[in-house]
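Take a look at the structure set out below.
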Amino acid sequence: MTQTMAARNISQFWEWGRKIICVGRNYADHAKELKNAIPTEPVLFLKPPSAYVREGSPILVPRYTSNLHHEVELGVVIGKGGTSIAQSAAMEHVAGYALCLDMTARDIQDECKSKGLPWTLAKAFNTSCPISDFIPKERISDPGNVTLWLKVNDQLRQNGCTADMIFSIPYLISYISDFITLEEGDLILTGTPKGVSAVQEHDELQAGIQDVLTMSFRVDRENH
Ligand SMILES: O=C([O-])CC(=O)C(=O)O
Ligand SMILES: [Mg+2]
């Protein structure tokens, strides 16, 4: 096998430099806890591939925030690209899943919201997208009904079920692909259930997806 072929193994999709498309407010309980309206259409934003961080490396708190939140989310890894994908064909475009955290500088996001500015520095900074190993599609028979949980220093903070998503995975794939062409190796973060809260330097985060997989990350302060 050549180097190029090895580099394109989907189980290392985070190395491909593809898009991370995030869905916000996709759980009513989380929209309510942040006093946001329940959306009638998916709320979308992006993270760059430089946001990825893998187990063994720390989540770094940016210097400009004093309220960094965890958001545990199911990530959907695209295996076959497409534009204007029909909902009925959407799952054929999925290669697998990943457990993800959408790390959010909540104070910066609040400021951006009040000024009507984009969320980039609140959501897209380095290490804002911790991810698990790749989970092949066959390992999750019903991605629309799996539990996701997150603990901070052994205390349970989030415990939700993807059955509570407002917009389903096939709907999201179809909706997004109408506006943004999906490519092999892209990742869709499907939104967080309630229970988001602040993390500090030295905290230990542990998250899991049903009986499929767990992952752990340490939080550190950015020191430059
Ligand atoms: O920052 C937010 O609340 C929007 C979001 O990412 C989510 O709901 O997962
Ligand atoms: Mg989120």
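Quick caveat, the model's predicted, so the values are computed rather than measured. In listed order, ligands and their atoms are each counted from 1.
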Could you grab the distance from atom NE2 of H69 to atom CE of M103, nearest 0.5 Å is fine? 9.5 Å
Which atoms from ligand 1 have a heavy atom of E71 less than 4.0 Å away? 1 (O), 2 (C), 3 (O), 5 (C), 6 (O), 7 (C), 9 (O)
Nearest-0.5 Å distance that lies between atom CD1 in I176 and atom CG in L182: 6.5 Å
N/O to N/O below 3.5 Å, does that happen between R25 and ligand 1? yes
Gap separating the CG atom of L150 from the OG atom of S197, nearest 0.5 angstrom: 7.5 Å
Could you give the distance from CD1 (I20) to CG (L187), rounded to the nearest 0.5 Å? 6.0 Å
Have a look around the Mg ion (ligand 2) and list protein N/O/S atoms under 2.8 Å, or say none. E71 OE1, E73 OE2, D102 OD2
Geometry only, no angles: is T104 polar-contacting ligand 1 at N/O separations under 3.5 Å? no
For ligand 1, the portion of K194 having any non-hydrogen atom under 4.0 Å away: neither
Output every pair passing side chain to side chain donor-acceptor pair (under 3.5 Å) with a member in residues 129-142, not counting sequence neighbours, ordered by first then second residue. R54-D133
For ligand 1, is any non-hydrogen atom under 4.0 Å from D102's backbone (N, CA, C, O), its side chain (CB onward), both, or neither? side chain
For K123, take its heavy atoms, then give the atoms of ligand 1 lying under 4.0 Å from any of them. 1 (O), 2 (C), 4 (C), 5 (C), 6 (O)
Which atoms of ligand 1 sit under 4.0 Å from any heavy atom of F45? 6 (O)
Is there a side-chain contact between I10 and V77, using heavy atoms and a 4.5 Å cut-off? yes
With the side chain counted from C-beta on, respond yes when K194 and Q158 share a heavy-atom pair under 4.5 Å apart, and no when they do not. no
Does anything in residues 105-130 pair up under salt bridge (charged side-chain N to carboxylate O under 4.0 Å, His left out), and if so which pairs, sequence neighbours excluded? E71-R106, E71-K123, D102-K123, E111-K115
With a 4.0 Å cut-off on heavy atoms, is V23 in contact with ligand 1? yes
Salt bridge between K19 and D186, side-chain N to carboxylate O under 4.0 Å? yes
Under 4.0 Å from any heavy atom of Q109, which atoms of ligand 1 are there? 1 (O), 2 (C)
Note: ligand 1 atoms sitting under 4.0 Å from heavy atoms of E73 are 9 (O)
Sub-4.0 Å atoms of ligand 1 with respect to non-hydrogen atoms of H30: 2 (C), 3 (O), 7 (C), 8 (O)
Just to verify, what does Y171 make a ring pair (Phe, Tyr, Trp, His ring centres under 6.0 Å) with, not counting sequence neighbours? F167
With atoms numbered from 1 as shown, which atoms in ligand 1 lie under 4.0 angstrom from a non-hydrogen atom of L34? 3 (O)
Smallest heavy-atom separation, P143 atom then L74 atom, equals O-CD2, 3.8 Å
Mind checking whether N36 has an N or O less than 3.5 Å away from an N or O of ligand 1? no
Where ligand 1 meets R106 - atom numbers and elements under 4.0 angstrom, heavy-atom basis: 1 (O), 2 (C), 3 (O)
Compare all side-chain heavy atoms of V212 with those of I140 and state whether any distance is below 4.5 angstrom. yes
Report yes or no: does a heavy atom of H69 sit under 4.0 Å from some atom of ligand 1? no
Give a yes/no verdict on whether any heavy atom in G191 is under 4.0 Å from an atom of ligand 1. yes
